[in-house]
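Each chain gets a letter, A, B and so on, in the order the sequences are listed, and its residues count up from 1. Predicted model only: the values in this text are computed from it and were never measured.
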Amino acid sequence: MPENPVLSESGDSADSADSAASGESARKLPKTFEPGSFEERWYSVWESAGRFQPTGAPGSPRFVMVIPPPNVTGKLHIGHAYGRTIEDILARWKRMLGVRVLWVPGTDHAGIATQMVLERQLAKQGIDRRELGREKFIERVWAWKREAKDTIQAQMKRLGCSLDWTRERFTMDPDLSRAVRHVFVKLYEEGLIYRGRYVVNWCPRCETAVSDLEVIHRETDGSLYKIRYDVAGVADGATVATTRPETMLGDTALAIHPDDPRTTRLTGRTATLPIVGRQIPIIQDAILVNREFGTGVVKVTPAHDANDFATGQRHDLPAVVVIGGNGRMTAQAGEYAGLDRFEARKQIVARLTADGRLTSEPYRNSVGHCQRCDTVIEPYLSEQWFVKIAPLAEPAIRAVEEGTIKFVPESWTKTYFEWMRNIHDWCISRQLWWGHRIPAFTCPNGHVTVSEEDPSACPDCGGAPLVQDTDVLDTWFSSQLWPFSVFGWPERTPDFLDFYPTDVLVTGYDILFFWVARMIMAGLHFTGQAPFSTVHLHGLVRIGGEKMSKTKGNVIDPLEAIAEFGADAVRFTLASAASSGATVSVERGRMAGSRNFATKLWNAARFTLSSLEGHSVPADLEGRALSLPDRWILSRLSGAARNVNRHLNEFRFDEAAGAIYSFVWHELCDAYLEMVKPVLSGREGTDEARESARGVLSRCLLDSLALLHPFMPFLTEEIWDKATGRSGTLIVSPFPTGEALHNDPDAEHVIESVRALITRVRNYRGERGVSPTEPVELWVAPGSPDPELAARIRAVTPLLQHLGRIPELRFEVPPASAFRDVVAGLSIGLRVKEAASESGGARVEKVLAEIEQEYEGLSAKMRNSSFVDKAPAAIVEKTRRRLLELEERRAALSGGRS
RNA sequence: GGGGGGUUAGCUCAGCGGUAGAGCGCCUGCUUUACACGCAGGUGGUCGCAGGUUCGAUCCCUGCACCCCCCACCA
């Protein structure tokens with residue numbers, strides 16, 4: 001034990017071996033609170049002491065989380081800080097509760113997103129990635145990745161995240177890449193991965209396929225064009241409606257509904273494709289054509305529309321690709337070849353209009369945009385790899401139905417089911433360079449081999465060399481394995497055996513489908529176990545009710561916020577803002593509020609430590625005679641501790657933060673500290689009372705620090721260090737759970753009554769417009785609800801006199817000349833010698849009016865026999881008591897008014 | 001087209017069967033020797049609108065209005 005700690009903690013379990021006892025270096029807290037002066041120091045103390053690594057025997061109770069790996073695209077924003085704060089609160093709380101905690105850090109290569117960042121960077125230097133070549137480009141991405149990872153890591157350390165950095169992973173680490181390859185091969189062998197030519201969502205700017213989820217649909221004002229096609233033998237031809245007229249160049253049929261009388265005359269005929277002149281059949285298709293919609297005739301463009309593609313399959317139609325992967329018209333588009341698709345649209349519309357074949361009307365429809373670059377998505381016929389998802393979805397649905405996995409808040413369950421039950425196959429190939437290369441190899445004879453090891457020759461024909469597929473996998477293909485790939489799976493490593501499955505997954509609801517659902521499917525399919533038992537889906541951070549955006553200038557950079565308010569304040573703000581809703585509103589004002597709270601705690605600690613320094617402080621309070629305020633604050637403390645634990649169990653970080661906040665500020669600081677000042681200073685009470693108060697104060701401070709530690713780790717550790725001398729051990733000290741032992745309703749009743757009396761005395765002064773120091777006479781007489789109360793309060797007379805500045809306090813029936821009222825059921829009288837005014841009168845009138853109104857309402861209730869008969873007896877009784885109270889108060893106030 | 005969420009004090013949000021809470025703001029006082037990033041007191045709400053259920057509704061149900069989000073092969 002280092003010398004001169006101000007306090008020794010009670011019930012310790014923390015080892016002190018590594019206490020960095022700094023000798024005589026100030027055990028006192030500096031007068032001003034400067035978070036920047038100690039935050040980073042504590043982080044390295046914890047980290048170097050191995051506090052973030054799980055300790056204890058494998059098999060003993062543990063709590064495991066994996067971080068949602070941030071993209072290595074840049075730096076973290078306040079939304080990341082929010083999610084990580086929640087996780088760190090859980091990690092620190094569980095650690096202090098004595099379970100082995102492991103929280104695994106890492107980053108995601110984020111294929112398309114990162115590639116785009118690099119492409120933009122290159123573009124600034126006037127370089128196109130194609131000039132650079134695949135290998136050189138990827139080298140550059142790796143360099144970028146290393147830098148981004150360091151930035152992200154530093155940010156999370158600044159925030160205080162107790163992540164086990166010895167286990168940090170990256171989705172493209174060799175072992176994680178092996179897991180990806182293993183999974184691909186396995187699914188391929190199981191027939192759950194297939195390759196084929198289909199119409200997929202294609203981004204012409206990124207020049208890659210994307211999945212359905214990566215397409216953002218937005219309502220857009222456009223036009224609905226009607227184009228007339230000539231049909232031999234039908235005078236007015238056939239008119240089709242389309243929003244994408246440029247695709248008509250690729251039409252290979254028109255379709256009608258077999259039972260639509262409007263189009264019967266077109267049955268079996270042939271139409272002439274305008275501009276192109278191609279003869280195309282008019283087919284009947286009840287699936288594609290809606291009898292109720294439009295003109296009843298649909299153009300069929302198998303290469304540029306998923307529905308049309310399916311129709312083409314049904315009717316064996318050719319597919320003509322007229323828009324290329326780069327968004328420009330192909331040679332098949334004839335005279336339009338080389339034009340951008342939108343320019344082609346313009347020209348074709350002009351041409352058809354001139355020909356008298358086209359009319360248009362304003363039309364609003366939903367247009368798909370690339371999630372990453374916002375380019376309009378083009379349905380595009382191409383060769384891609386897909387995961388057959390239904391067989392994987394089924395067990396994943398069951399796991400949630402059966403409660404193996406539960407969502408918090410529970411309301412997400414329905415959304416999850418909704419999506420899972422309507423799930424489509426997943427396009428996993430991306431025409432990118434950055435990512436996991438698809439392990440498929442083609443021999444000169446066209447045989448495809450998919451295997452975990454690179455084959456040297458074709459297993460079918462012995463042909464060589466083999467050429468690997470140039471595509472990479474969707475980034476989520478590797479992220480879905482994260483909860484087990486981080487532990488070295490598919491090897492059965494000690495970490496995998498010890499820490500999988502994990503316990504809680506915390507993430508934003510925006511990646512429920514992208515990530516959470518796929519982890520559940522992959523986890524169940526490959527490990528046979530749900531990857532986690534609880535998914536906490538939190539809301540997305542908004543700044544002052546508005547979506548964060550750079551153009552609005554309301555972005556909060558976590559590091560800037562930390563520099564301004566301190567990491568603890570930022571964390572506390574985020575935790576307090578957490579709610580079960582879809583948005584989490586953060587405001588600068590709340591950051592300042594949290595900073596103020598940190599300062600408050602700092603000053604309370606300064607006061608406490610200076611009051612205790614040099615005195616004996618009993619660590620054990622059992623068997624000691626405690627004053628009413630002592631008993632009261634211990635009771636409130638244990639209540640606060642119980643509430644904090646309860647709320648954390650329910651993922652209500654806002655409520656948990658609120659519980660400890662109001663205890664520390666409004667009960668410990670505003671009330672208890674003020675109550676014990678005269679005792680501590682020696683002006684009141686016995687030596688024994690003084691010693692007890694010191695013990696209680698010490699307990700309150702240490703327990704408050706512990707309760708707050710998950711929320712404000714740095715500040716609490718700093719104070720703890722000064723208070724106990726046990727450097728850096730709060731992080732592993734026991735978390736208060738709130739022993740029922742200290743639950744003391746009786747003390748609470750008396751002290752709350754005293755506080756109510758004091759408040760009444762103070763606002764009486766306010767009403768009279770006299771100074772807060774003006775002496776007041778107070779009479780207190782027993783009231784009806786608790787005849788003992790006056791006597792109980794009499795026992796703490798000095799307390800009441802001190803706090804209320806009441807030189808003359810009499811436990812007698814107040815004289816008629818005094819101002820009369822009823823407070824906490826006690827009949828009281830007040831008198832001030834020198835009232836500056838009688839302005840209290842108006843207020844009394846107002847109060848009386850309020851009382852009258854409430855009285856009327858309640859007595860009407862009591863007169864209502866069905867209320868008295870049907871309402872629970874306790875409610876009726878409560879109402880009756882309240883009426884009595886109102887009556888007494890009304891009598892007192894109107895009697896004392898003269 | 002389907003689904004979900006929201007509408008509570010000037011602002012940002014909690015609460016969700018027994019006539020409303022927090023933080024910030026605002027008003028009035030305070031060098032009450034831990035803290036002005038403070039202390040004390042106070043102001044402020046027909047809990048979106050209309051019905052219904054109930055002894056009783058901000059809270060449950062129905063409808064409406066406005067807002068937000070998600071899903072969807074809306075030619």
Is [X] touching bases, backbone alone, or none of the nucleic acid, heavy atoms closer than 4.0 Å?
| X | value |
| --- | --- |
| T243(A) | sugar-phosphate |
| V240(A) | nothing |
| E854(A) | base |
| R588(A) | nothing |
| G857(A) | base |

Suppose you measure atom [atom1] in [N] against the same atom in [M]; what distance do you get, rounded to whole Å?
| N | M | atom1 | answer |
| --- | --- | --- | --- |
| U46(B) | G10(B) | P | 8 Å |
| A72(B) | A65(B) | P | 27 Å |
| C49(B) | A36(B) | C1' | 45 Å |
| U58(B) | C26(B) | C1' | 25 Å |
| C39(B) | A50(B) | C1' | 48 Å |
| C60(B) | C55(B) | C1' | 16 Å |
| C16(B) | G5(B) | P | 16 Å |
| G51(B) | G56(B) | P | 16 Å |

Can you name the residues that form a ring pair (Phe, Tyr, Trp, His ring centres under 6.0 Å) with [X], not counting sequence neighbours?
| X | value |
| --- | --- |
| Y229(A) | none |
| F572(A) | F597(A) |
| Y82(A) | H538(A) |

Exercise for the section: Among the candidates G4(B), C13(B), U32(B), find the nucleotide nearest to the side-chain atoms of K414(A). Expected result: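 Within the option list, the nearest is G4(B).
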
Exercise for the section: State which of C73(B), G23(B), G29(B) makes the closest approach to the side chain of Y661(A). Expected result: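 Nearest nucleotide to the side chain: G23(B).
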
OP1 or OP2 of [N] versus the side-chain N and O atoms of [X]: is any pair under 4.0 Å?
| X | N | result |
| --- | --- | --- |
| S579(A) | A14(B) | yes |
| R218(A) | C70(B) | no |
| H666(A) | G23(B) | yes |
| S585(A) | C13(B) | yes |

Fill in the blank from the handout: Per-nucleotide protein contact along nucleotides 34-44 of chain B, 5' to 3', at a 4.0 Å heavy-atom cut-off (B base, S sugar-phosphate only, - neither), is BB-BSSSSSSS

Give none if [N] has no partner; otherwise give the nucleotide forming a Watson-Crick or G-U wobble pair with it, both distances under 3.5 Å.
| N | answer |
| --- | --- |
| G1(B) | C71(B) |
| U19(B) | none |
| A65(B) | U7(B) |
| G41(B) | C27(B) |

Exercise for the section: Please list, chain by chain and in numerical order, all residues satisfying side-chain contact (heavy atoms from CB on, under 4.5 Å) with N290(A), sequence neighbours excluded. Expected result: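 Expected list: E292(A), F293(A).
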
Distance check needed: [N] [atom2] versus [X] [atom1], whole Å only.
| X | N | atom1 | atom2 | answer |
| --- | --- | --- | --- | --- |
| E587(A) | G23(B) | CD | P | 14 Å |
| H802(A) | U33(B) | NE2 | C1' | 12 Å |
| R421(A) | C71(B) | CZ | P | 18 Å |
| R590(A) | G25(B) | CZ | P | 13 Å |
| E774(A) | G29(B) | CD | P | 16 Å |
| D654(A) | G21(B) | CG | P | 18 Å |
| M420(A) | G4(B) | CE | P | 19 Å |
| D308(A) | C73(B) | CG | C1' | 10 Å |

Using side-chain hydrogen bond (donor to acceptor under 3.5 Å, both in side chains) as the criterion, list what pairs up with [X], not counting sequence neighbours.
| X | answer |
| --- | --- |
| Y855(A) | E887(A) |
| N365(A) | none |
| E34(A) | T32(A) |
| R314(A) | D285(A), T311(A) |

Handout entry: Lys/Arg cation over aromatic F819(A): R768(A), 6.0 Å, 45° cone
Key = yes

Exercise for the section: Please say whether the positively charged group of K677(A), taken as NZ for Lys or CZ for Arg, lies over the ring of F607(A), i.e. under 6.0 angstrom from the six-membered ring centre and within 45 degrees of the axis. Expected result: yes

Listed pairs, N/O of protein and of nucleotides 53-55 of chain B, under 3.5 Å:
unit_1 : atom_1 : unit_2  : atom_2 : d
C55(B) : OP1    : K870(A) : NZ     : 2.5
C55(B) : O4'    : S866(A) : O      : 3.4
C55(B) : O4'    : S866(A) : OG     : 3.4
C55(B) : O2'    : N864(A) : ND2    : 3.2

Practice task
Find the distance between CH2 (W426(A)) and CG (D212(A)) and round it off to the nearest 0.5 Å.
Solution key: 12.0 Å

Exercise for the section: Examine the base of C74(B) for any acceptor or donor lying under 3.5 Å from a partner atom in the side chain of S366(A), and report the outcome as yes or no. Expected result: yes

Would you list the atom pairs, donor with acceptor, under 3.5 Å between side chains in residues 408-418 of chain A and any protein atom, with sequence neighbours excluded?
unit_1  : atom_1 : unit_2  : atom_2 : d
T413(A) : OG1    : E410(A) : O      : 2.6
Y416(A) : OH     : A396(A) : O      : 2.8

Exercise for the section: May I ask you to decide if H217(A)'s main-chain N or O and H369(A)'s side chain share a donor-acceptor pair within less than 3.5 Å? Expected result: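 No; zero donor-acceptor contacts below 3.5 Å.
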
Handout entry: Pairwise 5' ranking along RNA chain B for D212(A) and R291(A), keeping only the more 5' one
Key = D212(A)

Completion exercise
Whichever of V297(A) and F513(A) has the more 5' nearest nucleotide on RNA chain B, that residue is F513(A)

Practice task
Please check if the distance between the ring centroids of Y198(A) and F386(A) is under 6.0 Å.
Solution key: yes

Practice task
Please determine, by modelled atom types, if S859(A) and K861(A) share a side-chain donor-acceptor pair under 3.5 angstrom.
Solution key: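 No, K861(A) and S859(A) have no side-chain donor paired with an acceptor closer than 3.5 Å.
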
Practice task
Mind running a 4.0 Å heavy-atom check of residues 875-886 of chain A against RNA chain B and sending the residues that fall below it, in number order?
Solution key: I875(A)

